[in-house]
Every structure is written in structure tokens, then in C-alpha cells.
Amino acid sequence: MKVAVLPGDGIGPEVTREAVKVLEALGLPGLTLFDGDVGGVAYERHGHPLPEETLTIAKACDAVLFGAVGDPDCDKLERSLRPEQAILGLRKELELFANLRPAKVFPGLEHLSPLKPDIARQIDIMIVRELTGDVYFGDKGERVASDGSREGWDMMSYSETEVRRIALVAFRTSRARGDKLRVTSVDKANVLETSQVWRDAVNEAAGPHPDIALSHMYVDNAAMQIITNPGAFGVILTGNLFGDILSDLASAAVGSIGLLPSASMGDRATEFGRFGLYEPIHGSAPDIAGQGKANPMATILSVAMMLRHSFGREDEALRIEAAVEKALADGIRGGDLDGTHGCEEIGAAVRERL
Ligand code: IPM
Ligand code: MG
């Protein structure tokens with residue numbers, strides 16, 4: 001079980017450290033960890049946010065545990081050298097086209113949501129976001145507009161092939177969740193050609209799965225419904241840009257970005273499961289970095305997703321999830337919730353409850 005640990009910038013190192021300690025506390029045989037630099041830290045040390053060496057380590061492992069990247073000091077660098085290129089480069093190079101982002105309210109934490117508790121309680125959504133296409137990876141540039149002003153442009157596109165493979169992940173995910181097989185595909189087909197091809201390809205992919213209750217929704221409407229009627233959603237299938245926005249929206253509805261993990265998967269099989277990259281959905285939070293205030297729970301829960309998807313260790317994944325849930329029920333709360341427990345304290349509390 002080879003895991004590449006890439007802590008990155010800001011609070012990345014502190015939350016990753018606690019998550020690694022939880023992983024090690026399980027005492028799984030054959031676990032080997034490899035460290036690599038990514039993000040602003042990697043730029044400082046190696047002159048690039050995603051050094052060749054880090055990519056080689058990641059490729060040689062069965063899974064990647066990723067902290068966070070982003071450093072305001074790097075905002076002036078040309079785009080290809082900014083910390084964010086580390087995560088975008090890893091997704092592209094490792095062909096991690098499927099991003100799973102669960103947004104769920106933990107029992108007893110309904111009051112953290114800005115929504116009414118009765119509505120918040122309904123939130124149990126899995127966002128399946130396409131991760132290697134869309135306007136994120138299209139050609140982009142700057143030119144001079146007809147009136148002589150600067151004009152930025154970014155090319156948005158999706159091929160049927162890209163859409164079909166992510167749609168299948170959504171259907172598979174829905175089946176594994178065992179809920180009502182509800183999949184909502186989110187697009188902007190009333191305006192975008194990209195979305196029309198998306199919608200047609202999703203319908204086509206759904207053909208052999210007649211038991212799946214597939215519906216389509218425009219992204220603006222979806223943003224509204226996630227807040228007003230979150231219980232209507234099971235799996236949300238969407239593209240890279242809309243998925244980025246809707247997953248932050250869903251995390252805000254849950255009330256804490258510090259609790260939400262994610263998995264990014266491709267097709268590559270490993271000895272025990274599928275290769276994947278696991279990371280909290282929060283960023284590097286430079287404002288609180290190095291103060292021991294960050295909540296490591298999202299990264300710890302990302303380790304649970306890693307055990308489930310890359311190592312076929314469902315029992316251990318459930319153990320970690322139960323320990324986090326128990327810690328929360330016992331009042332262990334990070335600063336981003338309503339509590340004051342520090343990063344190390346939260347890590348220790350989860351380990352004690354394994
Ligand atoms: C995310 C982040 C990234 C994205 C950034 C850091 C490039 O916001 O994982 O959601 O936009 O995908
Ligand atoms: Mg985002």
C-alpha cells in the first residue's frame with residue numbers, strides 16, 4: 001500500500017500530518033508513505049509548483065493524499081507557475097477525471113448550517129464532478145478586442161466520450177449509495193452548445209440503466225434548489241466548472257467546509273482497488289496557517305475515502321468515519337465550527353475513538 005503524501009501550502013501540512021497519524025494508527029500491514037512537494041512550497045524549493053520528481057512519486061504509488069495549495073505571495077507569478085497548477089497538473093497527468101464530493105450534515109450538527117435545521121437535515125448529496133475537461137483545460141489567452149481593450153478568452157468544450165465516462169461513474173456511484181437511484185445532471189443547455197452535447201450524451205449513457213431516475217437541471221436552478229430543497233438530490237452529475245461552484249455551495253449549506261473530503265479517480269486499477277487522489281475540499285487558508293487552528297477532519301475523512309476506493313478496506317474506512325462522527329458527537333469541534341479545539345487535539349481525539 002504505497003501512498004504519496006503531498007501536504008502543500010498553508011494549512012495543508014498540519015491537516016495532512018494529523019490525517020497520516022490516523023492512517024498509521026490503523027496499523028495496516030505494508031503501508032509505505034512517500035513525501036513530495038507541491039504548490040508554492042514546491043515553487044520555492046524547485047522552481048515549479050509540480051516538480052517532475054513529485055509527479056514520478058505520485059505515479060509510482062497506489063494513492064495520493066493531498067493537503068492544499070495556494071499562496072497569496074504567488075499571485076503575481078505567471079499562471080503556469082502558480083500553486084494551483086499543482087493540483088490541476090496532477091488531475092490531468094494522472095487522468096483523474098472523476099471527482100467525488102460528498103456533502104452531508106452530520107447528526108447533531110444541523111445547527112451549523114445557515115439553513116433551517118429541518119432542511120439542513122436532508123442534505124446527503126454526492127457531487128460527481130468531471131475533472132479533466134471543460135473550460136478549465138481548454139485553450140485560453142488574451143487578445144485585443146475590436147475596441148482596442150484587453151480581452152480574455154477561455155475555450156469550453158466537452159466531447160461525448162468525456163461525458164459518457166463521467167456519467168457512468170455517476171450511475172455507478174448512485175447504485176453504490178443504495179438511495180433512490182436519483183441522478184441529477186446539471187448543465188446550462190439553454191445557452192451552451194457544450195451543455196447540449198453533455199445532455200444528449202448523458203441521456204445516451206443512461207439508456208442501459210432504465211432503473212436510474214435521471215433528471216436534468218440548469219445550473220442556476222440547481223444552485224437555488226440545493227438551498228431550498230436539498231433533499232431532492234442524491235447524486236449530482238456535472239462538469240468541471242459547475243461542479244467547482246456547486247460543491248462550495250453545498251459545503252456552505254452543510255455549514256462547515258472543514259468537514260468535507262473528496263476523492264479524484266481515474267480508470268487505473270491498483271492491486272487493491274483504483275488509483276485515486278484524496279484531498280479536503282477546503283483550500284490552504286493562509287490566514288490561519290501555522291497556528292494549529294485548522295480542522296483536520298476533512299483530510300482525515302479523505303483518508304477514509306482512500307481506504308475505501310484505492311485499498312478496498314471498507315471496514316477501516318467505516319472505522320475512521322465512525323471515529324470522526326463520535327468525536328463530533330462528543331463535542332470535539334474545530335475553530336471553523338463552533339468550537340475551539342486545535343488541529344492536533346482533533347487528530348488525537350479521532351485516533352482515540354478508532
Ligand atoms: C477545487 C479548487 C480547485 C479547482 C482550484 C484550487 C484550482 O477550487 O478543488 O475545487 O478549481 O478545481
Ligand atoms: Mg473549488
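As a basis for the values below, the full set of heavy atoms in this structure was taken, side chains included, without hydrogen atoms, waters or symmetry mates. Whatever order the structure lists ligands and atoms in, that order sets their numbers, starting from 1.
Closest heavy-atom contact between V69 and D9: CA-OD2, 3.5 Å. Heavy atoms only, all atoms of each residue included: I281 and S251 are closest at CD1-CB, 3.7 Å. What you find for G36 and P7 is that their closest heavy atoms are O-CD, 3.6 Å.
Taking every heavy atom of R129 and a limit of under 4.0 angstrom, the matching atoms of ligand 1 come to 1 (C), 4 (C), 9 (O), 10 (O), 11 (O), 12 (O).
Contact analysis puts R91 in contact with ligand 1, with a non-hydrogen atom separation below 4.0 angstrom. Ligand 1 is never approached by H282 to a heavy-atom distance shorter than 4.0 Å.
For atom 1 (C) of ligand 1, the closest heavy atom belonging to the protein is R101 NH2, 3.3 Å. Protein heavy atom at the shortest distance from atom 8 (O) of ligand 1 is D244 OD1, 3.2 Å. Protein heavy atom closest to atom 11 (O) of ligand 1, with residue, atom name and distance, is Y136 OH, 2.5 Å.
Taking 2.8 Å as the limit, the number of protein N, O or S atoms around the Mg ion (ligand 2) is 1.
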Show me the donor-acceptor pairs, under 3.5 Å and distance only, between side chains in residues 266-274 and residues at least two apart or in other chains.
| residue | atom | partner | partner atom | Å |
| --- | --- | --- | --- | --- |
| R268 | NH1 | K59 | O | 3.4 |
| R268 | NH2 | K59 | O | 3.3 |
| R268 | NH2 | C61 | O | 2.8 |
| T270 | OG1 | G273 | N | 3.1 |
| T270 | OG1 | G273 | O | 3.1 |
| T270 | OG1 | S310 | O | 3.3 |
| R274 | NH1 | G266 | O | 2.7 |

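Neither the backbone nor the side chain of Q85 has a heavy atom within less than 4.0 Å of ligand 1.
Of the protein's heavy atoms, none falls inside 4.0 Å of atom 5 (C) of ligand 1.
A salt bridge links E321 with R308: at least one charged nitrogen is closer than 4.0 Å to a carboxylate oxygen. A salt bridge links R91 with E279: the distance from a Lys NZ or Arg NE/NH1/NH2 to an Asp or Glu carboxylate oxygen falls below 4.0 Å. Using a 4.0 Å cut-off between charged side-chain N and carboxylate O, K21 and E18 make a salt bridge.
I11 and V20 fall into different hydrophobic clusters, defined by Ile, Leu, Val, Met, Phe, Trp and Tyr side-chain heavy atoms under 4.5 Å apart, directly or through other members.
Using a 4.5 Å cut-off on side-chain heavy atoms (C-beta onward), V15 and N295 make no contact.
Within a 6.0 Å sphere centred on CD of E193, other residues, nucleotides and ligands contribute 12 heavy atoms or fewer.
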